[in-house]
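Here is the structure we will look at, set down as structure tokens.
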2 protein chains.
Amino acid sequence: MEIKIALAALGALAQETRLLIFRMLVQAGPEGLSVGRIADKLDTEPNGRLSFHLKELVRAGLVTATQSGRFIFYSANYPVMNDLLAYLTEHCCAGESCGEVVHGCTNLENPS
Amino acid sequence: MEIKIALAALGALAQETRLLIFRMLVQAGPEGLSVGRIADKLDTEPNGRLSFHLKELVRAGLVTATQSGRFIFYSANYPVMNDLLAYLTEHCCAGESCGEVVHGCTNLENPS
DNA sequence: CTAACATTTCAATTATTATTGAAACATGGA
DNA sequence: TCCATGTTTCAATAATAATTGAAATGTTAG
């Protein structure tokens with residue numbers, strides 16, 4: 001992963017509304033949530049502010065938008081999330097004895 | 001992990017110089033690096049700018065500073081890093097079949 | 001004690017990012 | 001077609017963060 005991509009992702013997550021949305025989508029699974037549903041859960045309305053933050057998450061590659069009828073569903077982009085986690089811990093401790101921990105979620109619906 | 005703590009950590013990492021420093025320290029292991037050494041690796045000098053960014057990383061809890069003689073050593077705070085990774089992936093896919101991935105580094109020198 | 005090195009502090013400037021509110025666009029059902 | 005619903009765009013303002021350069025602090029060795 002290139003540093004610019006990691007910076008974009010981290011910058012996108014470093015904001016309360018967006019972090020809440022992202023975690024919500026990670027927990028929602030690959031089907032995602034509509035904007036209205038996200039707004040409900042945040043106890044706000046699908047307004048310009050929310051739209052702005054969703055766009056930022058998409059721009060950072062952390063989230064994907066798919067139109068379905070009158071609704072737009074946003075869902076977490078798991079591979080990008082995992083790449084980000086890997087980037088942060090890469091070559092940890094220069095390979096010295098250092099316990100590994102399980103984090104991340106592949107969500108491979110169609111494992112190849 | 002509380003959201004405020006996660007936001008502080010993400011915000012600290014969402015900046016090129018700081019992300020470079022953090023990864024450098026993660027890779028350096030628990031002994032850390034002195035400010036001068038960090039400056040060398042960044043091809044810069046131990047100036048106000050570097051000091052500012054180091055302080056931000058400490059403020060976010062991602063990094064620890066320890067004085068040793070005339071030098072100050074900065075090192076990665078692995079537990080905080082792992083908590084952050086866990087926070088991002090928490091309750092991923094609401095528990096549905098969803099492959100787990102290894103990321104993170106405990107670096108337990110004294111496992112209990 | 002003094003000089004030299006390592007690092008930090010501070011205030012001013014500049015740059016980036018978030019919020020707000022109003023208006024506009026798109027979609028599907030009556 | 002027309003209206004209601006769902007969502008986005010835009011420009012202005014407000015808030016937050018980064019950079020710079022100079023001066024100050026703390027530390028050790030001679």
Side-chain angles (χ1 to χ4, degrees), chain A residues 3-25 28 31-76, chain B residues 3-25 28 31-76:
Chain A
I3 191 165
K4 302 239 165 181
I5 296 176
L7 284 169
L10 290 165
L13 292 174
Q15 206 280 342
E16 183 159 16
T17 303
R18 291 197 296 260
L19 183 53
L20 287 169
I21 294 172
F22 182 72
R23 294 202 343 130
M24 191 181 290
L25 294 178
E31 317 226 320
L33 298 170
S34 69
V35 177
R37 196 92 187 71
I38 294 169
D40 280 354
K41 290 206 176 206
L42 291 176
D43 200 26
T44 180
E45 273 131 64
N47 53 18
R49 188 169 145 266
L50 181 55
S51 180
F52 165 73
H53 287 309
L54 286 168
K55 213 174 41 161
E56 288 291 299
L57 285 168
V58 170
R59 204 162 58 81
L62 285 166
V63 150
T64 306
T66 44
Q67 186 124 17
S68 170
R70 190 161 22 174
F71 303 87
I72 295 181
F73 284 82
Y74 283 86
S75 55
Chain B
I3 191 165
K4 303 241 165 182
I5 295 175
L7 284 169
L10 291 165
L13 293 174
Q15 206 280 341
E16 184 160 16
T17 302
R18 290 196 297 260
L19 183 52
L20 287 169
I21 294 171
F22 181 73
R23 294 204 340 133
M24 190 181 290
L25 293 178
E31 316 226 323
L33 297 171
S34 69
V35 177
R37 196 92 187 71
I38 293 170
D40 281 352
K41 291 206 178 206
L42 290 176
D43 199 25
T44 180
E45 272 131 65
N47 53 19
R49 188 169 145 266
L50 181 55
S51 180
F52 165 72
H53 289 308
L54 286 168
K55 213 172 43 158
E56 287 292 296
L57 285 168
V58 170
R59 204 163 58 83
L62 285 166
V63 149
T64 305
T66 45
Q67 185 126 15
S68 171
R70 189 157 26 169
F71 302 87
I72 295 180
F73 283 83
Y74 282 88
S75 54

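Hydrogens, waters and symmetry mates are skipped; everything else that's a heavy atom, side chains included, is used. Lettering follows sequence order; numbering is per chain, from 1.
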**Fill in**
Sorted by number, residues from residues 14-23 of chain A placing a heavy atom under 4.0 Å from DNA chain C are A:Gln15, A:Arg18
**Request:** Check DNA chain C against residues 34-60 of chain B and give the residues with a non-hydrogen atom under 4.0 Å, in numerical order.
**Result:** B:Ser34, B:Val35, B:Gly36, B:Pro46, B:Asn47, B:Gly48, B:Ser51, B:Lys55
**Request:** Could I get the full list of salt bridge (charged side-chain N to carboxylate O under 4.0 Å, His left out) partners for A:Arg23, not counting sequence neighbours?
**Result:** B:Glu90
**Prompt:** Tell me the salt bridge (Lys or Arg N to Asp or Glu O under 4.0 Å) pairs involving residues 38-49 of chain B, sequence neighbours left out?
**Reply:** none
**Request:** Test side-chain contact (heavy atoms from CB on, under 4.5 Å) on B:Phe22 and B:His53 and set out the steps.
**Result:** CA-CA 10 Å; B:Phe22 181 73; B:His53 289 308; over 6 Å; no
**Item:** Euclidean distance, atom CG of residue B:Leu7 to atom P of D:dT16 [Å, nearest integer]
**Value:** 13 Å
**Prompt:** About how many Å separate CG of A:Leu42 and CD of A:Glu16, when rounded to the nearest 0.5 Å?
**Reply:** 10.0 Å
**Item:** Results of salt bridge (charged side-chain N to carboxylate O under 4.0 Å, His left out) for B:Arg59 - residues two or more places apart only
**Value:** B:Glu56
**Request:** Let me see the working for A:Thr17 and A:Thr44 under side-chain contact (heavy atoms from CB on, under 4.5 Å), right down to the final yes or no.
**Result:** CA-CA 11 Å; A:Thr17 303; A:Thr44 180; over 6 Å; no
**Complete:** Separation between CG (B:Leu57) and OG1 (B:Thr64), nearest 0.5 Å, reads 10.5 Å
**Fill in**
Rounded to whole Å, the CD-P distance (A:Gln67 to D:dG6) equals 13 Å
**Request:** Return no unless some side-chain N or O of A:Tyr74 is found under 4.0 Å from OP1 or OP2 of D:dG6.
**Result:** no
**Prompt:** At what angle, to 10 degrees, do the two end axes of the helix from C:dC1-D:dG30 to C:dA30-D:dT1 meet, given five pairs define each axis?
**Reply:** 30°
**Message:** Under a 3.5 Å distance rule, please check whether B:Arg37 uses its side chain to pair with a backbone N or O of B:Phe73 as donor and acceptor.
**Reply:** no
**From CZ (B:Arg18) to CG (B:Leu25), nearest 0.5 Å** = 13.5 Å
**Request:** Test B:Ile21 against B:Leu50 for side-chain contact (heavy atoms from CB on, under 4.5 Å), laying out the working first.
**Result:** CA-CA 10 Å; B:Ile21 294 171; B:Leu50 181 55; 3.6 Å; yes
**Message:** What contact category does B:Gly11 fall into here, base, sugar-phosphate, or nothing, at under 4.0 angstrom with non-hydrogen atoms?
**Reply:** nothing
**Prompt:** A:Arg70 CZ to C:dG29 C1': how many Å, rounded?
**Reply:** 7 Å
**Request:** Using a 4.0 Å heavy-atom cut-off across all strands, classify B:Phe73 as base, sugar-phosphate, or nothing.
**Result:** nothing
**Prompt:** Roughly how many Å is it from CZ in A:Phe71 to C1' in D:dT8, rounded to a whole number?
**Reply:** 16 Å
**Prompt:** For B:Ile38 and B:Tyr74, what are the C-alpha separation, side-chain angles and deciding distance, and is it a side-chain contact (heavy atoms from CB on, under 4.5 Å)?
**Reply:** CA-CA 9 Å; B:Ile38 293 170; B:Tyr74 282 88; 4.2 Å; yes
